[in-house]
Structure formats: C-alpha cells, structure tokens
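A quick write-up on the structure given underneath.
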Number of protein chains: 4
Amino acid sequence: MPDRGRPRDVRADRAILASALELMAEQGVHALRIDDVAARAGVGKATIYRRYRSKDELVVEAVGKLIDREIEVPDSGSTRTDLLVLMREAVGFYGETLAATVMPSIVDELSRNEELAALVRDGYLKGRRAALQVVFERGIERGDFHRELDIEFALDVLAGPLFYRLLVTADPLDDALAQAVVDLIMRGFAPT
Amino acid sequence: MPDRGRPRDVRADRAILASALELMAEQGVHALRIDDVAARAGVGKATIYRRYRSKDELVVEAVGKLIDREIEVPDSGSTRTDLLVLMREAVGFYGETLAATVMPSIVDELSRNEELAALVRDGYLKGRRAALQVVFERGIERGDFHRELDIEFALDVLAGPLFYRLLVTADPLDDALAQAVVDLIMRGFAPT
Amino acid sequence: MPDRGRPRDVRADRAILASALELMAEQGVHALRIDDVAARAGVGKATIYRRYRSKDELVVEAVGKLIDREIEVPDSGSTRTDLLVLMREAVGFYGETLAATVMPSIVDELSRNEELAALVRDGYLKGRRAALQVVFERGIERGDFHRELDIEFALDVLAGPLFYRLLVTADPLDDALAQAVVDLIMRGFAPT
Amino acid sequence: MPDRGRPRDVRADRAILASALELMAEQGVHALRIDDVAARAGVGKATIYRRYRSKDELVVEAVGKLIDREIEVPDSGSTRTDLLVLMREAVGFYGETLAATVMPSIVDELSRNEELAALVRDGYLKGRRAALQVVFERGIERGDFHRELDIEFALDVLAGPLFYRLLVTADPLDDALAQAVVDLIMRGFAPT
DNA sequence: TAATAACCGAGACGGTACGTCTCGTCTTAGG
DNA sequence: CCTAAGACGAGACGTACCGTCTCGGTTATTA
C-alpha cells in the first residue's frame, strides 16, 4: 500500500534541504546540527529523520542537490574554446563559497560512504566527464590531439590541479588556471 | 624551573601517537575517539591532553609524524628521470594504506584547522615542492623547458591528478600514472 | 444537521475500548500507547481522538466501562450477611486480574485527572457506598450498631484494608479478609 | 578495582535527590523531567544516569530517601495511647504535601517495579509494622485484646483507611481519623 | 633522606548533540 | 462526514563524546 496515509509535505522537503545548505555554508559541514536544521526549517526532528536516516545522509542529499547541474556540451568549432568553456564553468562552480566550503567534507565522506560515492561519481562526475569526452573525441577528429590520447588521463589532468588547489593548497581558482590547464592539454597531447 | 617534577613518560608519547594512527587507519579520522586512543595506549585521557590541547591537535601531530619524511633531490642528469623518481616516490607513499585512508580526513581537517594547514603546507608540501622546483630549474637550464615556465603551475599539474584520483575518483595510483604525468609535463612545457 | 455524513462506526467504538483494556491489562496503564491501541483495534488514531479528547480520557472511559456494574442492595434480614455479600462481591471484583492490574495506575491517575476522579468517585464509589449505607442504616434500626455510628468512617474501614492489600502490600484478597472486616465492623460498632 | 579513578561527588548525589524531590513535590512525579533535575541540581544528565539507570530508578531512590525514617516504639503504659501515637505519626507523615503528592505514583510504580516494591515493603513498611506489632503484643499481655488477635489483619485495619483516603477518596487525613481507627481497634479486638 | 613538584591511570564531571519515541493534530484518498 | 493510514511540530528520553578535574599513587629533582 504505497499511497495510503498523509503524503510527505514537499514544503518540508524543501525547507529541510534549504536550511541544511544555508547552515553548511554559514558554519561549515562540521558545525551542522540537526536541531538547528529543524529549528530553521520550522520542522520537527522526526520529520528530518523520516527522510534521512542520519545526519550524514542529509548532508549527502543536500550536496546532491547542490551539484545537480545540467551540463551541455559546447561546440564552438574550436577544441581549445570548448575545453575552456567547460573548465571555466568548473572553476566558477568550485569557486563559489558554498561548494568550496562543503567540498572537503564531501571528499572525506566519499571515502566511507558508498552511497554518496555512487551519487557523486555516477550522478555528477560521469556527466561532466562525458561532456569532456565528446570534446576530446571531436578534437581527435579535428587533428588537435594524437590518436592514442588516453582520455581518462586527460580528464584527470583537467580536474586534478583544480581539486588540488581547492582541497590541498588553498590557492585561488581563477581564469588563469583554466587557461593554463587547457594550454597544457593542447600542447601536451598535440599530434607528434 | 623547567626540569622539576617527574618527567613525561616517553613510552606514553609513543603509545599515544601509535594508537592514534592505528585507529585512524582502521576507522578513519572521523571515528577517532580520545577515549579509544587512551584505552588502546593504556593511558589516561589527561596524559593525552597534557600533550595535545585538543583532539585536532593530536590528529595534527599524528599526521605530522606520518608525513615527516626526508626528501632528497634526485640528480640523474636527466630531467625526465628525476621527475619520475619524485613522482614514483609520491605514488608509492599515497598508495600506502594508512596515508590513503587518512588523507581524505586530513584534507577535510585542513579547511578548518589553521594549525594543521600550516603544518601540512609549510612542513610537508613546501619540502616536496622545493625539491621539484630544483629539478624544474635544472630542466630549464638544460633546455628541457621553455624559460617562462610557471613552476607553481607545473607542480599543481604533477600533484593534481594524483590527489584527484586519491580523493575523488578512487582510481588506482600506479606507475602508469607517474609516467603519463611526467610525459605530459615534458611535452607540454617543452621549449617552442 | 445532526445526521448528515457517514455515521460513526460502532464496531470502532467497541474495538477501541476492547483494545485499550487488553493493552492496559497486558502491560499496565503506564505503557499504553495510543498508536498501539489504534493498531490493535485496526483503527486510525484520528478515530480514537474523535471519540476521546486525550489519552487520559480514553483511559477514563475504558476504566469506566470496566467498573460499570450494577450493584443491588442485599436484604437477607441479617446485617452481617448483607455486609458479607457486598464485601465478597468487592473482593471478587478486585481479585480479578484486569481490575487488579489496572487499579494502581487508575489511582495514580486519580491524583491529577479531575475528570477521572469525578467518574470514579461519583459514578462508581458513590453507588457502592450508597448500597452499603442502606445496609448500615438498616443495621442501626435493627440495633446491630450504636446510633452515633459514623457511616462514612465505617465505609472507609470496609474498603480500606482491601485497597491497602491491593495497592500496597500485595497480600491476597480472599474470603477470610471479607469475613474479618465484617466481624470487626459488627463488634467495633456494636451498641454499648 | 573498586577504588580507582575519581570518586563520585557526594554533593552531586545530594543535589540530584534534593532537586528530584523538589520537582516531584512541585509538579508531581508524572511531570518530572530528567533535564530539569539536571538543570536544577547544576549537574550533567550523564551524572544522573551514572547513578540511576533510568528515570524510574531515580524516582525510586528519591522516594526511598523520603520515607527513610527511624521509628521508635512508644511505651506510655496505655495501649490506646501508644497506638494513637503511631497513627498520628502516620497521619502527619502522609498529610505532608510531598508524601501525599508522591504516594499515588509510588503505588503505581510498586506494581511493576520489583526493586521499589522490595524497598518500600521491606525497608519501610516492615519497620512500621514491627513497631505496631510490639504495641499489639503488649496490648494482648495487658488484656486489652483477645489472645487470638490476628495482628497482620489489625495492621491492615490501622493502615487501610488512611491509604484509602489518601489514594482513593481524597478525604482528609486528620486526627479524627487516627482516633476513630484506634477506637475501632480497641473495641473490635477487645477480649470477649 | 625528605620534601616537592609534576607526572601517571582511572574515571567522574558539566555540557551538548545525537537519533528515538510518543503525544495530539493534520492531511490525504476513499466509502 | 466518516474511515485507515500515516506525516506533522514539539519536546523528553537515554547514549556518546568532548575537554576538564579529582583521586591515590609514582618518579624525578632539589634541599
């Protein structure tokens, strides 16, 4: 009997996630208190725990909402331009306060939370990587890259420095970074 | 009067750090409980807090011990070989169970623990980056790289894909990665 | 418009009270959960709250049903026999499992539930005491008791030991008790 | 290892019980909140739960403290006077606000809490009943009572009306009650 | 040698967040 | 307008962990 009883209140769904994201952005994932989420959302704690089995799961879902963005494959005719568009989009996204604040905790969570790992890897990364893959394949056709290009590795090179700065060195994510990475890719993987 | 009273027990020092590292490796930094460290080390909690002002500080110190490795600048005569030596060393280190297990939590901690951030960035990264910098400078002298090479960026490219795999995609850290990164660097930053 | 819409289901009325009594007998009034009553009665919670404003009121009503017994004034011609009949009836009633199980909780509830207190005192005790009063008055007429007999006090003496055993000492309620109490009354209140 | 570690703080012991008793007297046993006890006692909740496994157990202990009174056997030479002294003492005690407020909940608890039942029956009632038993035995010697007097029953008659009023009818506990009960006992159990 | 001072393991302390539970109300779809 | 099912806001429950403090006892250096 799936549809019996009072249905879940969609406004509560939204209020909970919104409050959680706000609080995470304000004080960090670490300092997130379920009681605070409930209070800000104007909701009982049970209403949260009916939706998420634990605080971790709430964080997962909130992050899921945060990173759930449609990505479209650019097609300017120029491989360099297309890569730059995608890199700038990524730099812009991870440069946002909320994403930047939350990401370290997410990464930590990834290592012990299979569910979150699946969500992030399959739901988010896969999409971005697929878009980039198309661009790389077009690049190969155009003769911008040599034919043995290891696309997986190329993707790691695009994303790696960005995450390294975000998570480890705390150096700025800016347009210069996007350009430098794309330049390196164009040169380093050019046909011999 | 600095030397009055019973001196600290060095065995306690060691037992605390060892227990902390073991527990971090077993269950993650997140699940580390001071009570558990005390119990495993056969030590009272006060004995821990006499040495470290907080749990965070204990983690910092334990991680410090873990990553405190002398690094020597290779000088084989070949820039590629030297870079490869350093990359392989890094791949080997982060491929170790303990380092790999602990790193995501460290990264999380970095974002809100200034002290740990300083320790990791100044005490550890700085050393490795200095070694790499020497190799890059020699490479420029030798004519392997163009003279405007942005060494900071080159370092990000070396480390980025490694951390990206370690923290985000969970793809393997292997020799192929080391070679691919070094190859890319050699090609991408070659003189025009 | 009193008769519009679907009429209340009488089976629900009965199921609710029956389930409440069963659960009270099984686990005590204390452990009674409205959700459990609803589940056992196969009824929604709202159906209960439409009938009883609160859990307390449900308990009141359930107990009311339990103790709602017609009492008839015995008239054997012998005061001792009449008192004995009434005492035996009481001993039999409070010896019943359900009544005995529920009574301590009822007593607790009496002290803070005015409504229940009224129901029990006016609806139930009053009836029994009235019956006994008649017997005592006949006894005075017959010359079995002195004329200054404080009937209120006599009633307390009849009921007191019974409740004391039931609630405090957990000693058995048996025929010997009934006889001893009646004997004491007959002697202690005999004319001088 | 019984004496290792920091010993329990006796002031906390006292503060907890005192606060619990105060709150029980103010609002009833029913409305007692562990958080309130902790707050009023200036104590953490864990400090309460270290001493008492549950709220019920705290209530038990608090009540134990409340009813833990030395009782001495009066010996005036007159059986009536001795009984009256003991009855007045009881009437005075149960007339106190705290005892009267708490008793219904205690009685309810007795029926499902073996530990409390033992405490109350063996620790408290037994003492009072023993004192009364001495008085009755002296009375038999003096010829105030017939020799077949069932002392157990006599005790039930002394205590019964008192508890009946306290728990059921809410009629006053006063000196008149004490006197009436003693009078009844003296007459009803007089030698034939 | 005795006193002094800081150490030691054990574990209680006040505080705070957790995740669970129950209350009495409210909201669905359906009879 | 009733019904069964079950979600809702509120708030107490008992647990767990933090960082501090207290106990009896130990181990050095200083007097």
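Numbered from 1 within each chain, the chains take letters A, B, ... in sequence-line order. Computed from a predicted structure; not experimentally measured.
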Starting at atom CZ of B:R33, determine the distance to atom P of E:dA17, rounded to an integer number of angstrom.
16 Å
Does any donor-acceptor pair link the side chain of D:K45 with the base of F:dG14 at a separation under 3.5 Å?
yes
Starting at atom CZ of C:R11, determine the distance to atom P of E:dG31, rounded to an integer number of angstrom.
15 Å
In whole angstrom, what separates B:R53's CZ from F:dC18's P?
18 Å
For E:dC8, does either OP1 or OP2 sit under 4.0 Å from a side-chain N or O belonging to D:R4?
no
Any carboxylate oxygen within less than 4.0 angstrom of a Lys/Arg side-chain nitrogen, looking at A:D13 and A:R51?
yes
Of D:G5 and D:D35, whose closest DNA chain F nucleotide lies nearer the 5' terminus?
D:D35
For B:P7 and B:D36, find the nucleotide of DNA chain F closest to each by heavy atoms; which residue's nucleotide sits nearer the 5' end?
B:D36
Does E:dG9 have its OP1 or OP2 closer than 4.0 Å to a side-chain nitrogen or oxygen of B:T47?
yes
Rounded distance (Å) that lies between atom P of F:dC13 and atom OH of D:Y52:
16 Å
Of all the choices, E:dC23, F:dG19, E:dC13, which nucleotide is nearest to the side chain of D:A12 once you look at every atom?
E:dC13
Mark yes or no for whether D:K65, through its side chain, and D:V60, through its backbone, hold a donor-acceptor pair below 3.5 Å.
no
Do A:K55 and E:dG19 have a side chain to base donor-acceptor pair shorter than 3.5 Å?
no
Can you tell me if B:R8 has over 12 outside heavy atoms packed within less than 6.0 Å of its CZ?
yes
By nearest nucleotide on DNA chain E, pick out whichever of C:D56 and C:R50 is the more 5' one.
C:D56
For B:E57 and F:dG19, give me the distance from atom CD to atom P, rounded to whole Å.
11 Å
Is there a donor N/O on one and an acceptor N/O on the other, under 3.5 Å, for the side chain of D:R6 and the base of F:dC21?
yes
E:dT25 phosphate, OP1 or OP2, under 4.0 Å from C:Y49 side-chain N/O
no
Let me spell it out: for each of D:A41 and C:A46, pick the nucleotide of DNA chain E with the closest heavy atom. Which residue's pick is nearer the 5' end?
D:A41
Where A:I16 and A:T47 come nearest, the two heavy atoms and their spacing
CD1-O, 4.0 Å
Should C:D9 and C:R11 be marked as a salt bridge (charged side-chain N to carboxylate O under 4.0 Å, His left out) after you check the CA-CA gap, both sets of side-chain angles, and the distance that decides it?
CA-CA 5 Å; C:D9 189 339; C:R11 286 171 310 173; 3.1 Å; yes
Consider the side chain of A:R51, meaning its heavy atoms from C-beta on, and name the nucleotide among F:dG19, E:dG19, F:dC8 that approaches it most closely.
F:dC8
Base, sugar-phosphate, or nothing: which does A:A38 touch, judged by heavy atoms less than 4.0 Å apart?
nothing
Rounded to the nearest angstrom, tell me the gap between atom NE2 in D:H30 and atom P in E:dC23.
11 Å
Take the protein atom CZ of B:R40 and the nucleotide atom P of E:dG9, then report the distance between them rounded to whole Å.
17 Å
I need the minimum non-hydrogen distance between A:V29 and A:S105, along with the two atoms involved.
CB-OG, 3.5 Å
Nearest-nucleotide pick for D:R8, side chain only, options being E:dC13, E:dT25, F:dA10
E:dC13
Separation of atom CG in B:L32 from atom C1' in F:dC17, rounded to whole Å
12 Å
